[in-house]
Amino acid sequence: SSFGLGGGGGAGGGDLFGAANFEAIVTSGNVFQKAFMKEIMVGDKKELFINYFIDSSDIKTNEWGKTLFHGPSDYCKYRFTKKTAAEFTPYENMIFADVYTKLYETTKINPQDNSSLFELSAQTSNEILTKRWVEVLLESTEEFYKEMKTKKTRQLLTIQEKRLDSLSYLIKTMDRKIARITFDNPNVVDPGGILKQQQTNRDNTYITNQYLTQMANVEALNRMIIEQ
């Protein structure tokens, strides 16, 4: 059976989040792994989707089933625990690869005519499993998008914070310079001394304004991360 839902594709093929990359992102190993490790309710208890899929699909009787040459695969008995892909054992990676391949081959993404929307559909051994897979995959894709956007914002924030620290250092240096000039020339009458003090004050005002602008940029990026 199959079940389809619309997903926003966006525009701009050069953008990671553009329509041209939508299918590759949804069916990527990163998004599938996030979906497989997502907890869903099965009856009155929580279960990882990958365990639910193994129990509910026909993978135990088809890909891992008994043949004339060997008995059922031991994969059938394995239960995953929640972890990241980096923490998978080689054995878990082999099971993951089989489940990924089975769902990848039956998960389709098709653009809708005259629209920026896509239809996400899948086909499994039963309708309820199909519906839950599509819902979990869409939810995981949305989480991936948010994480990637937040990551880019955090990288920009780090750059802006370093710029803010540099300006803060310049302000402190300039304050010391002004204090030194004022101490050395309490009653300045030399035109050169007056000119030097005026130039230093102008530099200090410029750097201070730059610092305040940079501080506003950092605060805006922090708000953006919270909103994302």
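Remember, it's a predicted structure, so these values are computed and weren't measured experimentally.
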Visitor: In Å, rounded to the nearest 0.5 Å, how long is the span from NZ of K102 to OG1 of T107?
Guide: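 Those atoms lie 11.0 Å apart.
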Visitor: Considering non-hydrogen atoms only, spot the tightest contact between S56 and S125 and give its length.
Guide: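 Taking every non-hydrogen atom into account, O-OG, 3.6 Å.
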Visitor: Output, in order, the C-alpha distance, side-chain angles, deciding distance and verdict of side-chain hydrogen bond (donor to acceptor under 3.5 Å, both in side chains) for T124 and T130.
Guide: CA-CA 6 Å; T124 68; T130 299; 2.6 Å; yes
Visitor: Could you tell me whether the side chain of S28 and the main chain of I25 form a donor-acceptor pair under 3.5 Å?
Guide: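 Side chain of S28 to backbone of I25, a donor-acceptor pair under 3.5 Å: yes, one is there.
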Visitor: Kindly compute the distance separating CD1 (I50) from CG (L103), expressed to the nearest 0.5 Å.
Guide: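 Result: 9.0 Å between the selected atoms.
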Visitor: What residues form a side chain to side chain contact (heavy atoms under 4.5 Å, CB included) with E105, not counting sequence neighbours?
Guide: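 Counting only residues at least two positions away or on another chain, E105 forms a side chain to side chain contact (heavy atoms under 4.5 Å, CB included) with T101.
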Visitor: Quick check: does any side chain N or O of N110 sit under 3.5 Å from a backbone N or O of E119, one acting as donor and the other as acceptor?
Guide: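 No, N110 side chain to E119 backbone: no donor-acceptor pair under 3.5 Å.
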Visitor: What is the minimum heavy-atom distance between I109 and F118, and which atoms define it?
Guide: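 I109 and F118 have their closest heavy atoms at CG2-CD2, 3.7 Å.
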Visitor: NZ/K131 to CD1/I128 distance, rounded to the nearest 0.5 angstrom?
Guide: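 So the gap between those two atoms works out to 9.0 Å.
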Visitor: Is E142 salt-bridged to K146, cutoff N-O under 4.0 Å?
Guide: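 Between K146 and E142 there is a salt bridge, with a charged N closer than 4.0 Å to a carboxylate O.
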Visitor: Considering only NZ, NE, NH1 and NH2 on the basic side and carboxylate oxygens on the acidic side, decide whether K82 and E87 come within less than 4.0 Å.
Guide: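 No salt bridge links K82 with E87.
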Visitor: Could you pull out the closest heavy-atom pair between A85 and Q33, with the gap in Å?
Guide: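 Distance-wise, the nearest heavy atoms are N-NE2, 3.3 Å.
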Visitor: For F80 and F36, I'd like to know if the aromatic rings sit close, meaning centre-to-centre distance below 6.0 Å.
Guide: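 For F80 and F36, the ring centres are not under 6.0 Å apart.
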Visitor: Indicate the atoms forming the closest heavy-atom contact of V134 with A122, along with that distance.
Guide: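 Looking at all heavy atoms of both residues, the closest pair is CG2-CB, 4.0 Å.
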Visitor: Got a second to check how far E139's CD is from K38's NZ, nearest 0.5 Å?
Guide: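 So the CD of E139 and the NZ of K38 are separated by 4.0 Å.
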Visitor: For residues M41 and K46, determine if any side-chain heavy atom of one lies less than 4.5 Å from a side-chain heavy atom of the other.
Guide: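 Sidechains of K46 and M41: in contact.
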Visitor: Quick one: pull up CZ in F96 and CE in M37 and give me the separation to the nearest 0.5 Å.
Guide: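 Interatomic distance, F96 CZ to M37 CE, rounded to 0.5 Å: 7.5 Å.
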Visitor: Is there a path of hydrophobic side-chain contacts, each under 4.5 Å between heavy atoms of I/L/V/M/F/W/Y residues, joining Y169 to I171?
Guide: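 No, I171 and Y169 fall in different hydrophobic clusters.
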Visitor: Determine, stepwise, if the pair Y52 / W133 fulfils ring pair (Phe, Tyr, Trp, His ring centres under 6.0 Å).
Guide: CA-CA 10 Å; Y52 170 71; W133 166 238; over 10 Å; no
Visitor: Please indicate whether K83 has more than 12 foreign heavy atoms, meaning atoms of other residues, nucleotides or ligands, lying under 6.0 Å from its NZ.
Guide: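 Check passes, neighbour count above 12.
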Visitor: Does a side-chain heavy-atom distance below 4.5 Å link R79 with D55?
Guide: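 Yes, their side chains come closer than 4.5 Å.
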Visitor: Please tell me if the side chains of D98 and E63 come closer than 4.5 Å, counting only heavy atoms from C-beta onward.
Guide: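 Result no, sub-4.5 Å side-chain heavy-atom pair not found.
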Visitor: Would one find more than 12 heavy atoms of other residues, nucleotides or ligands at under 6.0 Å from atom OH of Y91?
Guide: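 Enclosed: over 12 neighbouring heavy atoms sit under 6.0 Å from OH of Y91.
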Visitor: Between D58 (side chain only) and T61 (backbone N and O only), is there a donor and an acceptor less than 3.5 Å apart?
Guide: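 No, because the side chain of D58 does not come within donor-acceptor range (under 3.5 Å) of the backbone of T61.
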Visitor: Which residue, F49, Y75, W64, forms the side-chain contact (heavy atoms from CB on, under 4.5 Å) with I54?
Guide: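 So, applying the side-chain contact (heavy atoms from CB on, under 4.5 Å) to I54 and each of F49, Y75, W64, only W64 qualifies.
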Visitor: Measure the shortest side-chain to side-chain distance between L48 and E39 over non-hydrogen atoms and say whether it is less than 4.5 angstrom.
Guide: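 With C-beta onward as the side chain, the pair touches.
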Visitor: With rounding to the nearest 0.5 angstrom, report the CD1 to CZ distance, I40 to F53.
Guide: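 Nearest 0.5 Å value for the CD1-CZ distance: 11.5 Å.
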Visitor: Using modelled atom types only, decide if a donor and an acceptor are shared between the side chain of T67 and the backbone of H70 within a distance under 3.5 Å.
Guide: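 Indeed, once roles are kept as given, a pair shorter than 3.5 Å links the two residues.
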